[in-house]
Visitor: 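Sharing a structure, written as structure tokens. Questions coming.
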Amino acid sequence: MSLAKEDFEICQRITRQGGSNLALVSRTLVKPLQMLFAPTYASMRLIDDLVDEDFLTLPIEDRDIQRQAYLDRISAWEDACIKAANGEFFKPDFAFKLPEGEAISIFRLLSQTAGQSNLGALPWQVMASAMSRDVNEIPIRDWNDFEDYSWGATVSPTAVYLYILTADYQSGIYTGISGSDLMDKAKGMGLFCYLVHIARDLIKDAVKADQLLTLPQELLNDLGETYTQEEIRYLICEILKQAESYLDAIDVCRDELQPHMSLRNLTIFKSLLGLYMTMFEKMKNDPLAMLDDGFEEKLRQQDDLLNAS
């Protein structure tokens, strides 16, 4: 097996394990675009998991002790991604949640794909900023703060994906709309999908850790320490109301980018958006529709965690 094929299979496995709608609909991308999607997704998954699953689930006293070490890791990850986006392979000198060889595969393939494109490093730079904000535990006070945070947390990966859907591949080179030009176009779609995702996973994330609830503080101020069913219903309704405000921007994005997409990629785009629209409509009709049968058990776990702290 060639090194590039081995790197691709490792990155592909990481994307599948993420279980995202993005990975699901991307299985039908043509091979060169899959080769670009796999390491871009895996590289962003790498830092997101490090922050969400490692740092933010630590007890508060441990977070205070380890905060600077995690900020340094984010900075090293950003440097590696910038180098890869410029076609240079470089592995950060610290342990991720993956075996070292798998982390090497991500950055190596990223340098061979994104590094041979006009995508640019901006999406990784603004994502690093959002991850640093998470580690510094800077509060999200209102919906304006939420948009600022989401620029890196969700608009940047959305811009990368839109680049993949609109890029042309010839003789080992990817050419498309640059990442910096795509950021504004990606905003509506990224924020809509992110908010639907938050609403869907509201209880699961609340049980894991309060820090994983990426919502404006003004929305949470009047709620109790644990959430009743009616409070969950209220939160989901407010989240969906905000998500709905981005629907017009999605229409503009689709109309602008559709001429740059092949029929296959346009189908992928519509399939991805359709998955989120289906969840949105289902929760709009019944705010608790996406919560599984373990709702009451999750609320009980939330109480147990609070009482144990």
Side-chain angles (χ1 to χ4, degrees), residues 8 11-12 14-16 18-45 48 81 84-85 106 109-110 112-124 126-127 150-197 243 246-280:
F8 174 61
C11 291
Q12 246 193 343
I14 293 168
T15 65
R16 289 195 299 265
S20 73
N21 291 328
L22 201 61
L24 178 66
V25 301
S26 299
R27 293 176 301 174
T28 54
L29 287 168
V30 297
K31 186 63 176 292
L33 296 183
Q34 285 190 31
M35 291 285 288
L36 177 58
F37 169 70
T40 56
Y41 179 94
S43 66
M44 291 180 165
R45 181 83 271 150
D48 193 60
C81 291
I106 292 172
L109 189 59
L110 191 65
Q112 295 167 358
T113 53
Q116 309 304 316
S117 77
N118 65 329
L119 175 57
L122 181 63
W124 287 274
V126 293
M127 187 171 192
S150 298
W151 192 248
T154 190
V155 175
S156 60
T158 303
V160 172
Y161 196 66
L162 291 178
Y163 176 88
I164 292 168
L165 291 180
T166 57
D168 181 53
Y169 178 79
Q170 296 289 336
S171 303
I173 303 296
Y174 298 90
T175 308
I177 304 169
S178 70
S180 56
D181 290 338
L182 279 171
M183 290 290 286
D184 284 331
K185 293 178 175 58
K187 179 180 176 181
M189 181 176 173
L191 285 164
F192 174 80
C193 294
Y194 191 36
L195 286 164
V196 171
H197 180 86
Y246 298 112
L247 289 177
D248 287 345
I250 292 175
D251 290 339
V252 172
C253 172
R254 184 192 59 237
D255 292 344
E256 287 186 5
L257 296 184
Q258 183 170 330
H260 301 276
M261 296 183 192
S262 67
L263 182 58
R264 177 196 292 259
N265 289 357
L266 182 60
T267 301
I268 293 171
F269 176 84
K270 290 180 176 178
S271 296
L272 177 63
L273 194 55
L275 287 172
Y276 283 96
M277 286 300 301
T278 298
M279 288 191 285
F280 172 76

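The basis for the numbers below is simple: all heavy atoms, side chains too, and nothing from hydrogens, waters or symmetry mates. Just so it is clear, the structure is predicted and the values come from calculations on it, not from any experiment.
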Visitor: Parallel, tilted or perpendicular: which describes the rings of Tyr174 and Tyr169, with under 30° parallel and over 60° perpendicular?
Guide: tilted

Visitor: When rounded to the nearest 0.5 angstrom, what is the spacing between SG in Cys11 and CG in Leu110?
Guide: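 It comes to 8.0 Å.
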
Visitor: Within a strict 4.5 Å, meaning less than it, do heavy atoms of the Leu257 and Leu162 side chains meet?
Guide: yes

Visitor: Could you tell me if the side chain of Pro123 sits less than 4.5 Å from the side chain of Tyr163, heavy atoms only?
Guide: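 When only atoms from C-beta onward are counted, Pro123 and Tyr163 do not touch, as no gap falls below 4.5 Å.
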
Visitor: Say whether, by atom type as modelled, one donor and one acceptor occur between the side chain of Asn118 and the main chain of Gly176 under 3.5 angstrom.
Guide: yes

Visitor: Please round to the nearest 0.5 Å and tell me the distance separating atom CD1 of Ile164 and atom OG of Ser117.
Guide: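 Between atom CD1 of Ile164 and atom OG of Ser117 there are 9.0 Å.
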
Visitor: Can you find a pair of side-chain heavy atoms, one from Leu182 and one from Val160, that are under 4.5 Å apart?
Guide: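 Leu182 vs Val160: side chains apart.
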
Visitor: Which residue pairs satisfy the salt bridge (charged side-chain N to carboxylate O under 4.0 Å, His left out) criterion with at least one member in residues 169-191, sequence neighbours excluded?
Guide: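 Passing the test, one end in residues 169-191: Glu147-Lys187, Lys185-Glu256.
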
Visitor: Any non-hydrogen side-chain atom of Leu119 less than 4.5 Å from a side-chain atom of Trp124?
Guide: yes

Visitor: Measuring from Trp151:CH2 to Leu191:CG, what's the distance to the nearest 0.5 Å?
Guide: 9.0 Å

Visitor: Please find the pair of heavy atoms, one from Arg27 and one from Gln34, that lie closest to each other, and give the distance.
Guide: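 Looking at all heavy atoms of both residues, the closest pair is O-NE2, 3.0 Å.
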
Visitor: Could you walk me through whether Leu272 and Met189 pass the side-chain contact (heavy atoms from CB on, under 4.5 Å) check?
Guide: CA-CA 10 Å; Leu272 177 63; Met189 181 176 173; 3.7 Å; yes

Visitor: Working note: Arg45 + Thr15, criterion side-chain contact (heavy atoms from CB on, under 4.5 Å); need CA distance, chi angles, decisive distance, verdict.
Guide: CA-CA 8 Å; Arg45 181 83 271 150; Thr15 65; over 6 Å; no

Visitor: Ignoring hydrogens and angles, state whether a donor on the side chain of Ser26 or Tyr161 is under 3.5 Å from an acceptor on the partner side chain.
Guide: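 Short answer, yes.
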
Visitor: Are the side chains of Ile268 and Met261 in touch, meaning some heavy atoms are under 4.5 Å apart?
Guide: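 No; the side chains remain at least 4.5 Å from each other.
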
Visitor: Under 3.5 Å, is there a donor-acceptor pair between the side chain of Thr40 and the main chain of Leu36?
Guide: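 Answer holds: yes.
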
Visitor: NZ/Lys31 to CZ/Phe8 distance, rounded to the nearest 0.5 angstrom?
Guide: 5.0 Å

